[in-house]
Every structure is written in structure tokens, then in C-alpha cells.
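Accompanying notes for the structure given below.
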Amino acid sequence: MTDLKKDKKMIPNIRFKGFTDDWEQRKLKTIAVFNPKSNLPDQFEYVDLESVRGVNLTAHRTESLGKAPSRAQRLAQKNDIFYQTVRPYQKNNYLYELDDTDYVFSTGYAQLRPQVNSYFLFSILQRETFVQDVLNQCTGTGYPAISSKDLSEIEVDVPNDDQEQLEVGLILRRLDKTLTLHQCKLENLEKLKKLLLQKLFPKNGQCKPDIRFAGFTDDWEQRKFEELVSFIDGDRGKNYPGENDFLSNGNVLFLDTKNVRPTGFDFFHKKFISDKKDSLLRNGTLLVNDFVLTSRGTLGNVAFYSNNINTMFPKIRINSAMLIVRNRDTDYLSNTFLYTLLRGNLISKFLKVYHVGSAQPHITKKDLSKLNIELPSSLNEQNDVGILLQNLDKILTLHQRKLDELGLLKNFLLQNMFV
């Protein structure tokens with residue numbers, strides 16, 4: 001591989017203006033000091049392998065020198081990089097930029113003190129190609145690990161010009177900060193939703209929620225779920241379509257679990273069956289205002305078959321890994337509130353008790369029918385609760401989409417701003 005690289009131009013696909021020289025291939029040990037020796041303070045903040053998630057430090061704990069774990073040995077200095085040497089594919093690596101001088105990391109991290117731009121080097125270590133190079137040097141299968149010595153021998157490509165290193169590092173630093181900001185917003189919104197689900201619904205044994213919209217005072221009612229909705233299986237008979245029955249286009253969309261995500265329907269991947277094949281199936285045709293619930297393998301994802309989706313796909317059948325949940329009486333139970341129930345704590349609590357199977361967990365109509373639910377007698381109150389939580393879900397979806405887009409942008413830059 002090295003010889004092939006020497007035969008071609010060592011330049012990245014995307015480059016800042018003014019830089020034209022080839023990059024050089026260097027061993028990590030020539031551009032960073034590994035595991036520098038230091039004397040630990042009497043008391044310090046200890047960072048173990050569970051304390052870094054992604055590129056963020058999420059936890060630490062105070063330890064004293066005499067009682068600290070024996071793995072507490074790597075005293076951090078500003079701009080040091082801590083590289084997770086166990087299961088490196090997780091990419092839980094941290095660039096230490098704090099002013100504090102009392103943070104000590106576990107020996108589960110290799111400590112690199114860069115002699116090049118720190119964020120440039122840190123970005124190299126996050127690239128998939130580098131991770132693969134590391135995995136090729138790892139020992140073990142369940143918990144692949146690499147020694148600091150073997151890590152230091154891995155070759156990476158770097159520009160000779162310090163300014164080019166700085167420019168690349170700066171743009172990726174800004175992107176990582178933006179990613180972290182959006183991740184924090186998303187986590188805060190998820191905490192808000194969790195709190196609202198606790199406060200907008202009655203606690204066990206109570207008949208009124210802690211938080212209520214103005215004008216509503218009546219007790220909530222408890223009803224059996226099966227009294228309010230019907231559960232409909234997908235067809236599982238001899239006429240169930242096989243791989244040879246699926247078409248890339250057609251009149252009847254046949255749902256796959258890929259089409260029902262935590263955020264609702266996703267039609268990026270589609271497969272269809274013929275009208276003739278559809279006529280042979282008995283169960284599982286969606287009606288407008290039906291809900292789809294994934295019930296086998298991937299559990300608990302919910303999507304709503306609205307008029308808008310019906311316009312795009314007038315006929316949809318579910319597969320055998322799903323259930324249709326159909327509201328029996330919209331004058332008693334609003335679809336807005338039902339959607340909130342299905343996407344809230346109802347299904348997640350149910351799954352903790354009733355899901356069956358270990359290799360392929362599943363939930364059944366029989367078990368779902370055992371559920372009791374609480375609901376306001378007023379449709380207006382049901383709708384107010386449902387609309388609030390649906391609007392929050394829309395905001396959550398937008399933030400998740402933005403986060404995904406930023407992640408794709410980062411991957412693109414990591415692929416194209418390096419050799």
C-alpha cells in the first residue's frame with residue numbers, strides 16, 4: 001500500500017487555496033509523544049473508558065492518589081489527545097482542551113501529545129480509514145484492542161505546511177462544535193418530552209395529571225385498549241409474497257420494517273407487489289387514519305397513514321412484522337391522542353413486560369389487548385395534549401435531521417480533506 005501511495009500525488013480532493021505541495025506519510029510516533037511520563041496530584045478527576053462518548057467528555061469522578069484505580073495514570077495536559085485503544089471502532093476519543101491540570105485518564109486510552117496541530121491530528125484519528133488501519137492491528141475479537149506501541153507505528157498523511165494543518169483543523173473544530181450544540185439541543189428536547197409525558201398523564205393510581213390545560217377539571221377515565229382499537233395482523237399464509245414477487249414499481253406498496261422508523265414513515269426504500277398478488281392476500285391492508293406498529297424484530301416504531309400519504313400510495317399492505325392499530329370510535333378517542341399514546345410511554349412500558357423472544361423479540365395482538373389506558377373524557381383535552389406532543393416531536397425530528405446532515409457533512413470532509 002505504501003508503494004502505491006508513493007507512485008501517486010499525495011494531495012487531498014478538497015484543499016484550501018494557496019497550498020500545492022504533496023503531503024507526507026509519517027508514523028504517528030514522529031508527530032506525537034505517546035504516554036508522556038508525569039507525576040499525579042494527590043487528588044484528581046478520573047476519566048475512565050465509560051466517560052467519553054463520541055468526542056465529548058460526559059463524566060468524571062474525584063479520586064485520591066492512594067485509593068484511585070491502578071489504571072489511573074495518564075495526567076492530561078491541554079491539547080493532549082486520548083485515544084480509546086479498546087474497541088476503537090466506537091471512536092470514543094477526546095481532545096483535552098480544558099485549562100484544568102488535575103484530570104487523569106485511564107490506561108484504556110493512549111495519550112498523544114501532538115507535535116502538529118492538535119485538531120488536525122484528532123480529525124485524522126476519527127477517519128474511518130484510520131479506524132480500519134487500527135482494527136487491522138488489533139488483537140481479540142469480542143473486545144479488539146491495540147497497544148500504544150502498535151498504534152504509534154501506524155502511518156498517516158500530513159501536510160508539511162503548519163498553516164494548512166491549522167486551516168483543516170479549524171474547519172473541523174467548528175463543525176464539531178456545531179454538532180455538539182445540536183446534540184445538546186436534541187438531548188434537552190428529549191428530556192423535555194420525557195418530563196411532559198410524566199406530567200401530562202396521570203401517575204399510577206391517580207385520575208388527574210400534574211399539568212393540565214386551562215378549563216379541564218374532570219377525572220381521566222381508564223379503559224381497556226382493545227375496547228377502543230382493533231389490532232390487525234399482516235398476512236402470514238401460503239400466499240405471503242416471496243422475494244421473487246416484489247417489484248420496483250406498482251400499485252400496491254408492500255411495507256418493510258425499513259419503512260417504519262422512530263420518526264414515522266420512510267419511503268426511501270420501496271417495494272411493491274402486483275394487483276394479482278395483492279388479491280390473494282387477506283389481511284393487512286391499510287385504511288386512511290390507521291396506525292402501523294412494528295411488532296417483530298424492531299419493536300415499537302409507529303407511523304400514521306394520513307390522507308397525504310394515501311395520495312402518494314393509495315394502497316399499502318403491511319408485512320408480517322407489523323400490526324395495524326385502527327381507532328374504532330373517533331368520537332370517543334381522537335387520533336391525535338392515540339398517536340401520542342403510541343409514540344409515548346404506552347408502548348415502551350408494554351415492551352418491558354410483554355415482548356416475547358430473544359433472538360427475534362415480538363409482540364402480539366393478545367398481549368396488546370391486555371393494556372389499560374388513561375384518557376380524558378373531553379376530545380378537546382385529548383387533542384390539546386396530542387397536538388402539544390406532536391409539535392414537540394416535529395421539532396425533535398427537525399433537530400435529528402439537522403444532526404444527521406451535519407454528520408454526513410463531517411464524513412464527507414473527513415474523506416476529502418485528507419489524502
Side-chain angles (χ1 to χ4, degrees), residues 178-201 209-216 229 253 255-270 286-294 298-313 316 318 322-327 330 333-351 373-376 378-410:
T178 305
L179 274 163
T180 299
L181 179 63
H182 279 276
Q183 184 65 51
C184 288
K185 286 182 179 178
L186 185 64
E187 290 171 359
N188 287 334
L189 285 168
E190 287 170 344
K191 289 176 184 177
L192 174 60
K193 181 180 177 180
K194 184 177 180 180
L195 177 64
L196 288 175
L197 287 171
Q198 292 171 354
K199 298 295 185 180
L200 287 170
F201 290 79
D210 292 339
I211 297 176
R212 209 148 189 200
F213 287 93
F216 302 109
V229 303
L253 180 66
L255 286 186
D256 187 275
T257 49
K258 292 177 183 176
N259 299 130
V260 185
R261 301 290 191 178
T263 54
F265 278 124
D266 182 339
F267 298 116
F268 185 77
H269 300 282
K270 299 183 291 292
L286 286 178
L287 301 180
V288 173
N289 294 327
D290 278 348
F291 296 86
V292 179
L293 174 70
T294 55
T298 300
L299 303 181
N301 290 345
V302 178
F304 180 59
Y305 187 45
S306 65
N307 280 308
N308 288 338
I309 295 175
N310 175 253
T311 300
M312 293 188 292
F313 305 107
I316 300 181
I318 63 170
M322 303 173 185
L323 290 171
I324 295 172
V325 182
R326 183 170 294 161
N327 191 349
T330 55
L333 171 64
S334 81
N335 279 327
T336 303
F337 190 75
L338 178 54
Y339 192 48
T340 295
L341 289 175
L342 293 171
R343 287 178 59 84
N345 292 335
L346 182 74
I347 296 300
S348 58
K349 288 179 179 177
F350 167 81
L351 290 175
I373 64 169
E374 290 84 24
L375 72 163
S378 166
L379 282 176
N380 287 334
E381 185 173 9
Q382 291 181 27
N383 284 326
D384 284 347
V385 172
I387 289 169
L388 173 63
L389 290 168
Q390 280 189 33
N391 286 337
L392 184 56
D393 276 339
K394 288 177 183 177
I395 297 170
L396 277 163
T397 299
L398 288 173
H399 276 279
Q400 183 62 63
R401 190 174 298 150
K402 182 66 174 178
L403 198 61
D404 293 343
E405 289 171 355
L406 288 169
L408 289 172
L409 174 60
K410 180 178 178 180

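No hydrogens, no waters, no symmetry mates; every other heavy atom, side chains included, goes into these values. These numbers come from a predicted model, not from an experiment.
- Between I309 and F304, the shortest heavy-atom distance links the atoms CD1-O, 3.5 Å.
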Open item on the list: Is there a side-chain contact (heavy atoms from CB on, under 4.5 Å) between L255 and L253? Walk through the geometry before answering.
Closed with: CA-CA 6 Å; L255 286 186; L253 180 66; 4.1 Å; yes
TODO: Decide side-chain contact (heavy atoms from CB on, under 4.5 Å) for V292 and L323; before the verdict, give the C-alpha distance in whole Å, the side-chain angles of both, and the deciding distance to 0.1 Å.
DONE: CA-CA 6 Å; V292 179; L323 290 171; over 6 Å; no
Task: Working for side-chain contact (heavy atoms from CB on, under 4.5 Å), residues Q382 and T336 - done: CA-CA 7 Å; Q382 291 181 27; T336 303; over 6 Å; no
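- Side-chain contact between K258 and D266 is absent, with no heavy atoms from C-beta onward closer than 4.5 Å.
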- [ ] Using the side-chain contact (heavy atoms from CB on, under 4.5 Å) rule, take F201 and L341 through it: C-alpha gap first, then chi angles, then the decisive distance, then the call.
- [x] CA-CA 10 Å; F201 290 79; L341 289 175; 3.7 Å; yes
Task: Verdict with reasoning, N327 to N335, per side chain to side chain donor-acceptor pair (under 3.5 Å) - done: CA-CA 7 Å; N327 191 349; N335 279 327; 3.2 Å; yes
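- In plain terms, the two heavy atoms of L403 and L179 that are nearest each other are CD1-O, 3.5 Å.
- Aromatic pair F313/F267: centroids less than 6.0 angstrom apart.
- Once rounded to the nearest 0.5 Å, the distance linking CG of D384 with CG of L200 reads 10.5 Å.
- Considering only residues two or more places apart in sequence or on other chains, K270 meets the side chain to side chain donor-acceptor pair (under 3.5 Å) condition with none of them.
- By the 4.5 Å heavy-atom criterion applied to side chains, T257 and N301 are not counted as neighbours.
- In this structure, I387 and T340 have side chains that are not in contact, with every pair of non-hydrogen atoms separated by 4.5 Å or more.
- For the pair V302 and L342, the tightest heavy-atom approach, listed with the atom from each and the gap, is CG2-O, 3.7 Å.
- With respect to the salt-bridge test (charged N to carboxylate O, under 4.0 angstrom), the residues R343 and D393 qualify.
- For the atom pair CG of N188 and NZ of K193, the computed distance is 15.5 Å after rounding to the nearest 0.5 Å.
- Among residues two or more places apart in sequence or in another chain, the side chain to side chain donor-acceptor pair (under 3.5 Å) test is passed with Y339 by none.
- Remark: side-chain polar atoms of R212 are not paired, donor with acceptor, to backbone N or O of E381 under 3.5 angstrom.
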Open item on the list: Could you walk me through whether Y305 and N289 satisfy the side chain to side chain donor-acceptor pair (under 3.5 Å) test, starting with their C-alpha distance in whole Å, then the side-chain angles of each, then the deciding distance to 0.1 Å, before giving a yes or no?
Closed with: CA-CA 5 Å; Y305 187 45; N289 294 327; over 6 Å; no
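- Atoms CG and CG, from D290 and N310 in turn, are 10.5 Å apart once rounded to the nearest 0.5 Å.
- For the atom pair L338 CG and L346 CG, the distance stands at 9.0 Å (nearest 0.5 Å).
- A heavy-atom distance below 4.5 Å is found between the side chains of F216 and S378.
- Judged purely by atom type and a 3.5 angstrom limit, T294 uses its side chain to pair as donor or acceptor with the backbone of T298.
- By the 6.0 Å contact criterion, NZ on K410 is enclosed, its count of non-hydrogen atoms from other residues, nucleotides or ligands being greater than 12.
- In this structure, F337 has its ring center no closer than 6.0 Å to that of F291.
- Residues M322 and V260 are in side-chain contact: their nearest non-hydrogen atoms beyond the backbone lie under 4.5 Å apart.
- Here the CG-CG distance, from L299 to L293, works out to 8.5 Å after rounding to the nearest 0.5 Å.
- Side-chain atoms of N259 come within 3.5 Å of backbone N or O of D256 as a donor-acceptor pair.
- Residues G264 and A303 come closest through the heavy atom pair C-CB, 3.9 Å.
- Side chain of N383 to main chain of N380: no donor-acceptor pair is present (N/O by atom type, distance under 3.5 Å, no hydrogens or angles).
- The backbone N or O of N307 sits less than 3.5 Å from a side-chain atom of T311, completing a donor-acceptor pair.
- Taken to the nearest 0.5 Å, the CD atom of Q198 stands 10.0 Å off from the CD1 atom of I211.
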